[in-house]
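Beneath this line is the structure, given in C-alpha cells, with notes to follow.
Throughout, protein chains are lettered first and strands after them, A, B, ... in sequence-line order, and every chain is numbered starting at 1.
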Number of protein chains: 2
Amino acid sequence: MSQNLPPSDRSRVRRVADRGRYDHETVHSIVDAAYLCHVAFADEHGVHCIPTACWREGEYLYIHGSNGSRMLKALTGQGACVTITHLDGLVLARSAFHHSMNYRSVVVHGRFEVVPAEHKAESMNRFMDHIAEGRRHEARPGDANELAATTLLRIPLAESSAKIRTGGPKDDAADMSREVWAGVLPLTMVGGSPQPDGAERPVPDYVQQWAGGVAKAARVPIA
Amino acid sequence: MSQNLPPSDRSRVRRVADRGRYDHETVHSIVDAAYLCHVAFADEHGVHCIPTACWREGEYLYIHGSNGSRMLKALTGQGACVTITHLDGLVLARSAFHHSMNYRSVVVHGRFEVVPAEHKAESMNRFMDHIAEGRRHEARPGDANELAATTLLRIPLAESSAKIRTGGPKDDAADMSREVWAGVLPLTMVGGSPQPDGAERPVPDYVQQWAGGVAKAARVPIA
C-alpha cells in the first residue's frame, strides 16, 4: 500500500473515486475500530456473506472459529473478500437524489491462511486485548483442548482499500434556496449499562467506563 | 418461510443451530432496523463484498445506485448473498474461550432483479420514508433525469435466515466461581446532535428527535 495508490486494479475505488484511500494509517484505523467484519466467499452453493469477529495484527486481519465451521474450511483454498463498514451518519440533502450516508469502510481482497498452532495462544490474546484491554489477565485463558478446537485464519491487508465519506450534503446550486432542513444526522455506536452475570465481582475499569462511551475510540484521520 | 424451518438447505443455520430463525417477523424486524447491508457477488476478479444502503418492501430487500455501478451491473445475471448484522453487545465470559457477541443478523441468498422504471419513483419514496419518515414531502423529489440515472434492484427474502444471540455468557460449571467480572457490555447505535448545513431552516420532528435516540426503533421479538 503506497501513499494513495490502489495496491491492485480490483482494489481501486471506482464509484466516487475521490473517496478512496489506500494508506496504511487509514486502513488500520478503520479495521481497529471494528468488532466484526463481513466475509464473502464462494462454494458449490454460490456466494456467501457471513459476519464474524475480527482483529488486526500488523498487516493482517484475523478471524477465528470452531474447527467445524464450514466457512473456515471453505476459506482455506480460495480467494475471499472481507469488508468492514462503520456508518457515521445520514446525510439529508435538499433533493431526494443527493441524500447520502457518511461512512468509513475497508474492503480487503486476498486469501486467508491458517495461523500455525504455535501462534494461536498469542493471537487469541491479541483478540482479547481488542475486545477489552487487560481482560486476558483476568479471564481463564484457553486450555490446550480449547485452543485445539479453534481455527484461526488471517488475510493480508496488502490488497485493501478504504472508502470514506464525511461532511454535509452536496446539493445542486438550484436547490440551495429551498426551504428544507439539510445537514447530517450523526450515528455512533455507544456502550450501554453493563449487565453483570451471576455473583457480584470487582468491576474492572473497562467495564466501569463502558456506559455512554463510544465503543471504539479509534477515528480515522481526515486529511 | 414457514414458521421455523429453513427455506432451503443453504439457508439453514448450522453453526450454533439453535440461534437460527426463519419466520417473517424476525427477518423483517432485522432488515427494517438496518440502514445498510453487505452484498456479496462474484465476477471475473473474484468475490466481492460491498456495503450499500437498503430498505424493505414486502418480501423484498431493495438497493439502488448509479446506472454505472459495476456492482449493480454484475448483480443482474447471477446469484448473490446479502447480509445485515446488528451488533448488540460484547459477552464477557469467565473463560477466554466462552467470550461471545450478541447480535441479530439476516442472510439472504437469491438473485437480484431490476425494478421496472414505472415503479422506481414509488420505491425511492419508500427508501426516503425508511431514512426519515415524512421527509419525501419536504425534499425535492427526483426528476426524470435523476430517476433515469438510478438503477433499483430487489432480491426476494424468500431464501433468508436470521441468527440471533442474546443474553449473558455460557460458562463451564468449573469456571463459575472464578473471581472475574462476567456479563454483557451492550452496544447501541444512537443519534448524535444534528449538524445543519447552510442557512437556518425550520427543524422537522425527525431531526429534533434524533440526538440521543436509538437509530432505529425496531427490535426483534425474542421468543
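- If you measure heavy-atom distances from A/Leu36 to chain B, the contacts under 4.5 Å come from the side chain alone.
- Between chain B and the options A/Ile84, A/Val207, A/Asn125, A/Thr150, heavy-atom pairs under 4.5 Å are most frequent for A/Val207.
- In this structure, chain B has heavy atoms under 4.5 Å from both the backbone and the side chain of A/Leu92.
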Worksheet item: Are B/Leu72 and B/Ile63 close enough, and set up right, to give a side-chain contact (heavy atoms from CB on, under 4.5 Å), and what steps lead you there?
Response: CA-CA 9 Å; B/Leu72 297 185; B/Ile63 64 173; 3.7 Å; yes
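- Electrostatic pairing of A/Arg10 and A/Glu159 counts as a salt bridge here, judged by a charged N lying under 4.0 Å from a carboxylate O.
- Residue B/Trp181 comes nearest to B/Gly183 through the heavy atom pair CZ3-N, 3.5 Å, listed as atom of the first residue, atom of the second, then distance.
- Across B/Arg135, B/Glu179, B/Lys163, the residue that shares the most heavy-atom pairs under 4.5 angstrom with chain A is B/Arg135.
- Under the ring pair (Phe, Tyr, Trp, His ring centres under 6.0 Å) rule, B/Tyr62 has a single partner from B/Trp55, B/Phe127, B/Phe112, which is B/Trp55.
- Using a 4.5 Å cut-off between heavy atoms, A/His45 touches chain B through backbone and side chain atoms alike.
- Within the 4.5 angstrom heavy-atom criterion, atoms from both the backbone and the side chain of A/His38 approach chain B.
- Of the two parts of A/Thr85, the backbone and the side chain both hold a non-hydrogen atom closer than 4.5 Å to a non-hydrogen atom of chain B.
- Residue with the most contacts toward chain B among A/Gly65, A/Gly198, A/Ala40, A/Ala80: A/Ala40 (heavy-atom pairs, distance under 4.5 Å).
- Chain A forms the most heavy-atom pairs under 4.5 Å with one residue out of B/Ala42, B/Ala53, B/Pro169, and that residue is B/Pro169.
- Per-residue heavy-atom pair counts under 4.5 Å with chain B were compared for A/Pro186, A/Ser193, A/Ala96, A/Cys81, and the maximum is reached by A/Pro186.
- With rounding to the nearest 0.5 Å, the separation of CG in B/Asp175 from CZ in B/Arg178 is 4.5 Å.
- Contacts with chain A were tallied for B/Glu200, B/Glu138, B/Met176, B/Glu146; B/Glu146 has the most, counting heavy-atom pairs under 4.5 Å.
- Looking at A/Ala211, there are no atoms closer than 4.5 Å to chain B (heavy atoms on both sides), in backbone or side chain.
- Heavy-atom pairs under 4.5 Å with chain A peak, among B/Gly79, B/Gly46, B/Pro204, B/Ala139, at B/Ala139.
- Counting only distance, with no hydrogens or angles, the side chain of A/Thr83 and the backbone of B/Cys49 share a donor-acceptor pair below 3.5 Å.
- Highest contact tally toward chain B, considering only A/Gln78, A/Arg70, A/Met101, is held by A/Arg70 [criterion: heavy-atom pairs under 4.5 Å].
- At distances below 3.5 Å, not a single donor-acceptor pair connects side-chain atoms of A/Ser123 with backbone N or O atoms of A/Lys120.
- Proximity to chain B (any heavy atom under 4.5 Å) is restricted, for A/Val107, to the side chain, taken from C-beta onward.
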Item to complete: Show your working on side-chain contact (heavy atoms from CB on, under 4.5 Å) between A/Arg201 and B/Val180 and close with a plain yes or no.
Response: CA-CA 6 Å; A/Arg201 303 288 183 200; B/Val180 51; over 6 Å; no
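- Of the listed residues (B/Pro196, B/Gly168, B/Ala93), the greatest number of heavy-atom pairs within a distance under 4.5 Å of chain A belongs to B/Pro196.
- Proximity to chain B (any heavy atom under 4.5 Å) is shown, for A/Leu87, by both the backbone and the side chain.
- By number of non-hydrogen pairs under 4.5 angstrom with chain A, the leading residue of B/Pro202, B/Ser8, B/Ala199, B/Pro141 is B/Pro202.
- A distance-only check finds a donor-acceptor pair linking the side chain of A/Asp171 to the backbone of A/Arg94 [under 3.5 Å].
- A donor-acceptor contact shorter than 3.5 Å links the side chain of B/Asn102 to the backbone of B/Gly167.
- For A/Asn145, no part lies near chain B; criterion is any non-hydrogen pair under 4.5 Å.
- Between B/Arg140 and A/Asp172 a salt bridge is recorded (basic side-chain N to carboxylate O distance below 4.0 Å).
- The line from NE2 of A/His109 to CG of A/Leu157 is 13.5 Å long, rounded to the nearest 0.5 Å.
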